[in-house]
There are 2 protein chains.
Amino acid sequence: MARSAAKTPAASADAGADTADAAAGKPERSGRLSAEDWAQAALDLIAEQGVAAVAVEPLARRLGVTKGSFYWHFPSREALLQAALERWENVEQEAVFGTLEQVPDPRERLRALFQMVAHEYQSHVIYSALLKALDHPAVQPVIDRVSKRRLDYLAASFRQAGLAREDALHRARLTYAAYVGFLQLNLQLHQARMPQEEFEAYVEHLAKTLVPA
Amino acid sequence: MARSAAKTPAASADAGADTADAAAGKPERSGRLSAEDWAQAALDLIAEQGVAAVAVEPLARRLGVTKGSFYWHFPSREALLQAALERWENVEQEAVFGTLEQVPDPRERLRALFQMVAHEYQSHVIYSALLKALDHPAVQPVIDRVSKRRLDYLAASFRQAGLAREDALHRARLTYAAYVGFLQLNLQLHQARMPQEEFEAYVEHLAKTLVPA
DNA sequence: ACCTGAACACCGTTCAAGT
DNA sequence: ACCTGAACACCGTTCAAGT
C-alpha cells in the first residue's frame, strides 16, 4: 500500500507520454518502463514484503513485462536493489529531521523528536525493513550512512542540550541504538505488541532517562 | 571457525562408530550423517557467513554428500533452519545469564552484565547473525522468545535494584533495545568501529545512565 | 538407515531477435 | 529505446533405486 513515490524528482527529460500518472492504486503504466519505474516498484515491494521479496521475475510479472526486459535497465538484481535504496536514501533526508528545525530549545527539540519518532509510523517502514535485511550486502552500507547522519544530528542536539562533548556522543549512541533495537524487537505500536497507554508511558520513560534535565 | 558443538547432547543412542570425533578443524565425518550433523553444520555456517548462507546444496558439498541425501533428514531447508535455531536456543540459555547468579548485589550484577556483554564477543555471534536476518520467517519467533526471556531477566534485576515495577519494565526495554541496536549498528569491538578506549567510555556511560544509583 | 542420480520448478542472467 | 523468447546455471524439492 501507500505509494511513497509522491515527492520523487519525477521525469528526467523527455520520456514518452505520461498522460497524468493514472488514478488507480497500482500505477498501471501504459507505455514502456524506465529504470526509475523498476526502482520504485522495488521500493514498494520492500515496504510491503521486505527486501527478500525483491526478485526479478515476480517484479516483471507485477509490471506486466517479461524478466528479460529487466536487464535492459539494470545489469543485475543487486544493481536494482542499490538503485532502490539510493532513491530511498535521497528522499529519507527531510522526512524526520526537517520538521524539527523549527523547535528552538534543544531539550524541547529532543522531546519532540522522541514523540515524532514514536508516533510517525510510515517513516520507519523502509528503514525497519532494511534493518531486518542487513544480511544483504547492498543494505549494510546504506544503513551505515543513514545511521551515521542521524547519530551526528543526535549528538549535536545533546551537545546543545548541555552535555559535554564525550557524553553527548555516548548519549547519542545509546539513544539511537535504543531506536534501532526498538524497531528490531517490533515493540512498535501498530504491531499490536503493546497497549497504547503502556507505549506512551515507555516513551515518557525514554525522555526522562535520556534527555538531560 | 570455532565449532560450537562442544556441549551438545552428543549421540542419541546407537550411531555407527564414531572413533573419537576427529582432530582437524573441519569435522571430516567418516560414516553417515545424522540430522544433528546437518543442524550443527547449519549453525556453523550461520556463525561464519550468516543465515542466507544456509543452502542445501553448498551444505551438502561441504559435508561431502549429494543434496538428495539431505531430504532423508529434513523435509525442507526451512526445517533445517528451524532445527539449527532450536539447537542454538537450547545452548544459549546459560551462556550469559548463568554466570551472573553469583553476584548478589543487584546494582553490581547489572554493571557486571554490561561489562560481560561488552567484552564477551563469542556469545553474540549467532544472535547478531540472526538479528541481521529477521527477514527469514524461521528467525523472528526465535529472536522473540530469546528476547522475551532476557527482557524479563533484566526487568527483574532493575526491580531488585530499586526501580518501581513500571519503571523497571521500561528501563529493561530501553536497555535491551540499546543492546540490540548496538549489535545491529556494528558498534562492537572486534569490528574495528571504535577504539578500545572510547568503547570502554561508552560502556561506562551506559552503566551511569541506565543503572540506578 | 542413509545415500545417489536424474528429474522438475523457480529465479538470475545472457543474448539474438523483434518493434 | 525497450521488449520478447529461448537458453543456461544454480538451488530447492521429489523420488525411484541403490547399499
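All chains are named by letter (A, B, ...) in the order of the sequence lines, taking the proteins before the strands, and each is independently numbered beginning at 1.
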Starting at [atom1] of [X] and ending at [atom2] of [N], how long is that distance when rounded to a whole Å?
X	N	atom1	atom2	value
B:His73	C:dT4	NE2	C1'	13 Å
A:Glu36	D:dA1	CD	P	15 Å
B:Phe74	C:dC3	CZ	P	12 Å
B:Leu63	C:dC3	CG	C1'	13 Å
A:Leu59	C:dT13	CG	C1'	16 Å
B:Leu81	D:dT13	CG	C1'	16 Å

Set of residues satisfying side-chain hydrogen bond (donor to acceptor under 3.5 Å, both in side chains) with respect to B:Asp144, sequence neighbours excluded: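 With sequence neighbours excluded, B:Asp144 shows a side-chain hydrogen bond (donor to acceptor under 3.5 Å, both in side chains) to A:Arg193, B:Gln140, given in chain and number order.
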
Taking side-chain hydrogen bond (donor to acceptor under 3.5 Å, both in side chains) as the definition, give me every residue that meets it alongside A:Glu204, ordered by chain and number, with sequence neighbours left out.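 For A:Glu204, no residue satisfies side-chain hydrogen bond (donor to acceptor under 3.5 Å, both in side chains) once neighbours in sequence are set aside.
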
Which label fits A:Phe74 and A:Phe70: parallel for a plane angle under 30°, tilted from 30 to 60°, or perpendicular past 60°?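 The arrangement is parallel - the two ring planes meet at less than 30°.
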
Mind listing the N/O atom pairs, protein and nucleotides 8-11 of chain C, below 3.5 Å?
from, atom 1, to, atom 2, distance (Å)
C:dC11, OP2, A:Glu57, OE1, 2.9
C:dC11, O5', A:Glu57, OE1, 3.4

According to a 3.5 Å limit on both distances, what stems of 3 or more consecutive Watson-Crick or G-U pairs are formed with DNA chain C?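 Stem list for DNA chain C: C:4-8 with D:12-16, C:12-16 with D:4-8.
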
Polar side chain donor-acceptor pair, [X] to [Y], under 3.5 angstrom:
X	Y	answer
A:Glu36	A:His73	no
B:Tyr127	B:Ser147	yes
A:Glu200	A:Gln196	yes
A:Asp44	A:Gln40	yes

If you take all heavy atoms of [X] and [Y], which pair is closest and at what distance?
X	Y	answer
A:Arg159	A:Ala168	N-CB, 3.6 Å
B:Ala42	B:Ala84	CB-CB, 4.0 Å
A:Arg171	A:Val211	NH1-N, 4.5 Å

Using side-chain heavy atoms (C-beta onward) and a distance below 4.5 Å, is [X] in contact with [Y]?
X	Y	answer
A:Gln184	B:Lys132	no
B:Leu59	B:Leu80	yes
A:Leu131	A:Ser128	no

Which is true for B:Ser34 with a 4.0 Å heavy-atom rule: it touches a base, it touches only sugar-phosphate, or it touches nothing?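 Nothing: the residue B:Ser34, judged by heavy atoms under 4.0 Å, touches no strand.
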
5'-most contact on DNA chain C: A:Ser76 or B:Trp72, nearest heavy atom basis?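 Between the two, 5'-proximity favours B:Trp72.
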
Give me the residues of residues 133-141 of chain B where at least one heavy atom lies under 4.0 Å from an atom of DNA chain D, by number, or none.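 Those residues: none at all.
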
Would you list the protein and nucleotides 15-18 of chain D atom pairs, both N or O, that sit under 3.5 Å from each other?
none

